[in-house]
Amino acid sequence: MKFQAGMLQKLLPFLTLIGLLVFLSIASPNFLTETNLASVVRQTATINIMALGMTLVIVSGGIDLSVGAILAFAGVMGTMAMAGGQPVSVGILVGLLFGLLWGFINGVLITTLKIPPFIVTLGTMGIARGLVLLITDGLPVTGLPAGFRPLAEGSIAGVPYVAFILIVCALLTHVLLHSSKLGRYTYAIGSNTDAAIYAGIPVARYTVCVYAISGMLTGLGGMIEASRLMTGQPTAGMAYELQVIAAVVIGGGSLTGGEGSVMGTLIGAFIMGLLSNGSDLLGISPFVQQALIGAIVILAVAIDEARKRRFSG
Amino acid sequence: MLLGLDQIQKHFGGVPALKNGSLEVEAGQVHAVVGENGAGKSTLMKIVAGMLRPDGGRMLWRGEPVYFGRPADAHAIGISMVHQESLLAPHLTVAENIFLGREAMRGGLPLMDKQRMEAETARLIEEHHFPLRAGWRVDRLSPAQKQLVEICRALHSASSLLIFDEPTSSLSESETVEVFRIVRSLRERGMGIIYITHRLAELGEIADRVTVLRDGETVHNAAYSELSTEQIVHHMVGREVAAIYEREPLPPGKEMLRVDLPEARFTLHAGEIVGIAGLMGAGRTELCQTLFGITPASEGSIHIEGREVSIRSPQEAVDHGIALITEDRQKTGLALELPLRVNVTLAHVDGVSRNGLVQAAKERRVAQNYVERLRIRASSVEQLALRLSGGNQQKVVVAKWLFRNTNILLFDEPTRGIDVGAKAEVFAVMDELARAGKALLMVSSELPELLQVADRILVMRNGRMVGELPRTTTQEQIMHLAAVGK
């Protein structure tokens, strides 16, 4: 019996998501429409993709507060390249590379200065945001080619491109985390860094990789965000880091490291997306939404902790 | 009768940790509780100390039924526990730790009386001749000193019953003797003492009665004078175990490791098991860490199979074919929240990967293979490392390096905190490795074990190697060299 109760708690995020879907389908006639579902996917895609990278970071026992600022930085750099005459594909690549670069910088600072990731990324959050405002003088990058719009807004048979991008990224991250050496080491580093060092694992190198991958996914998120707005906004992604971390945590990621999964994170991100969308449809104030999401984060972690406590001496 | 426990039960998530915990402690008596790891000793004691609530059974205090919902309930009637792992606040001082949770206050004011706390602590330290100061910060203390702070804390609050949970496992000989002295003096004052230990040799020093636990049940209870060590081991293990492990040394093969460092000069050959003896803090663990690249050597040279190598990180050490089975498996040996299977393959993920991807089926097969070969008791290869008993955790650490298949293995206190049966199995694996042509170095504070297992014994003192003794040496000779340096 107890075991079954444990399973139920483990599945709770998934069941919550299903429950939300069912509830919203009944409560609002506009929910289960192609337009609305496509817009849910579009609205959540950026957070979702960033959360995939954050899952790696959190499993490794780290945290990245700079993702919101990296998103803006990468988006602005990518759009500046396009505004300067580069083709769309090169612009997107530029965005990805700048995301990667910032992640790399985070990883190198964390491993060489031996400063906690919270502090390092708090610092780079300020630096990246400050620099991107400086570069753009606080003004959005405009004059982007029309060919850039489909990245966020395009669809095939009613299914948005971003849904495919998300699925591909999620699959890759899943394989990376659960089947590759990098993923294995990520869990080991997050579970017990000393044991990982004593097993002969080059911990610093893999930690840098984790932050770099997270940065690159954030760069991709930045380009999608820029495509959605059709401008490169230096103020984009404000406070996104909190939503991204919340998604990972609702999905079972542990801030002490060693725990978390791609599936969990996706569920966590969609729960937040549906809450937001559902509140809009039902005419609930966005202020209430914020409070609601805050409460869900605490509730999710409380339930997860209770489950773990029950099975330990 | 001071304390009576009658058929105490405790389950964790449906798994019984304690099925029938029974024992009776008299005032003025040292009652030893022995048993293999996972036998339920610590669980039973945590129930007595109010840290866990029992699921069944009766607890009597001076003949009256009692129930402890929290540690404060046990404190209130005079029960206190000296914990095995340090439960101290590292950033606070010795005095602040001893008074933690029961701070002395200035009459009626919400202010702490620091002078009084420091003075009382100083008095306590003085009384027992502990090498401590009231104002020292705990994070600067050695493990042994931390253990002494734990003892002070318990002494300060306990009035009737004191529980020691393996108090000597991190202590040196002289500190151990001091603990015995404290235990005896507390007994003379009429206190009841429960003493949990793995070291059966200690029982002769202090035990009046012995209770043996096995698989969560009290299986035997008698006066110590009526028991032989063989009988106790028999009750603990539930089967006959060769009390003395015999090993025939092999003719040494080619030179695998030549160490020429300021702190030690020695060679290690294929097929050899070389022991390192010394007191706590003699530099044995530090030597292992230097050879494994944790604290790289700044001068001197290390040769592996005749070639000079530089080892600046554990990664390089492993690349050169050196493995370190560390002293503290929980801290540096295992990823506790991850499954057994992951821990087994952690040092050699490539061995179960194809095209950069871990082959789950192959990994399970490899892990299962080691579970059977090393007789690791686990529900499956998916069991989390933290759910295994100490001996089985140690076997997982050994399995990790067996799978990596290094030629040189450094064992730092490989039998610390593991039970008699598991010890014999670890030694059998070490012997098997030596027979397969590996070179083994073994640090141990258990001299009888060193004498049984090692082909020759290096002795360290104050950070340096002071001599080498043949396997025919005696404990006395080793101790003399370790303490006096010849």
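Order of the sequence lines fixes the chain letters, A, B, ..., with proteins taken first and strands second; residue numbering starts at 1 for each chain.
For B/Leu346, the parts lying under 4.5 angstrom from a heavy atom of chain A are both the backbone and the side chain. If you measure heavy-atom distances from B/Glu316 to chain A, you find no contacts under 4.5 Å at all. The part of B/Thr345 that comes within reach of chain A is its side chain, from C-beta onward, which places non-hydrogen atoms under 4.5 angstrom from that chain. For chain A, the nearby parts of B/Val358 are the backbone and the side chain; heavy atoms of each come within less than 4.5 Å. Heavy atoms of B/Leu384 lying under 4.5 Å from chain A are absent altogether. Only the backbone of B/Leu334 comes within less than 4.5 Å of a heavy atom of chain A; no side-chain atom from C-beta onward does. Neither the backbone nor the side chain of B/Gln359 comes within contact range of chain A; no heavy atoms are under 4.5 Å apart.
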Handout entry: B/Thr326 and B/Asp328: CA distance, side-chain angles, deciding distance, side chain to side chain donor-acceptor pair (under 3.5 Å) verdict
Key = CA-CA 6 Å; B/Thr326 58; B/Asp328 189 338; over 6 Å; no
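Counting heavy-atom pairs closer than 4.5 Å to chain A, the top residue among B/Val342, B/Asp319, B/Thr332, B/Ile294 is B/Thr332.
With B/Leu52 as reference, B/Thr43 is the one residue of B/Ile8, B/Thr43, B/Leu18 to meet the side-chain contact (heavy atoms from CB on, under 4.5 Å) rule. Under the side-chain contact (heavy atoms from CB on, under 4.5 Å) test applied with B/His320, the options B/Leu257, B/Ile304, B/Leu291 reduce to a single match, B/Ile304.
Using bins of under 30°, 30° to 60° and over 60° for the plane-to-plane angle, the ring pair B/Phe292/B/Trp401 lands in the perpendicular bin.
Looking only at atom types and distance, the side chain of B/Arg312 has a donor-acceptor partner in the side chain of B/Ser310 under 3.5 Å away.
A salt bridge links B/Asp350 to A/Lys181: one of the charged nitrogens lies within less than 4.0 Å of a carboxylate oxygen.
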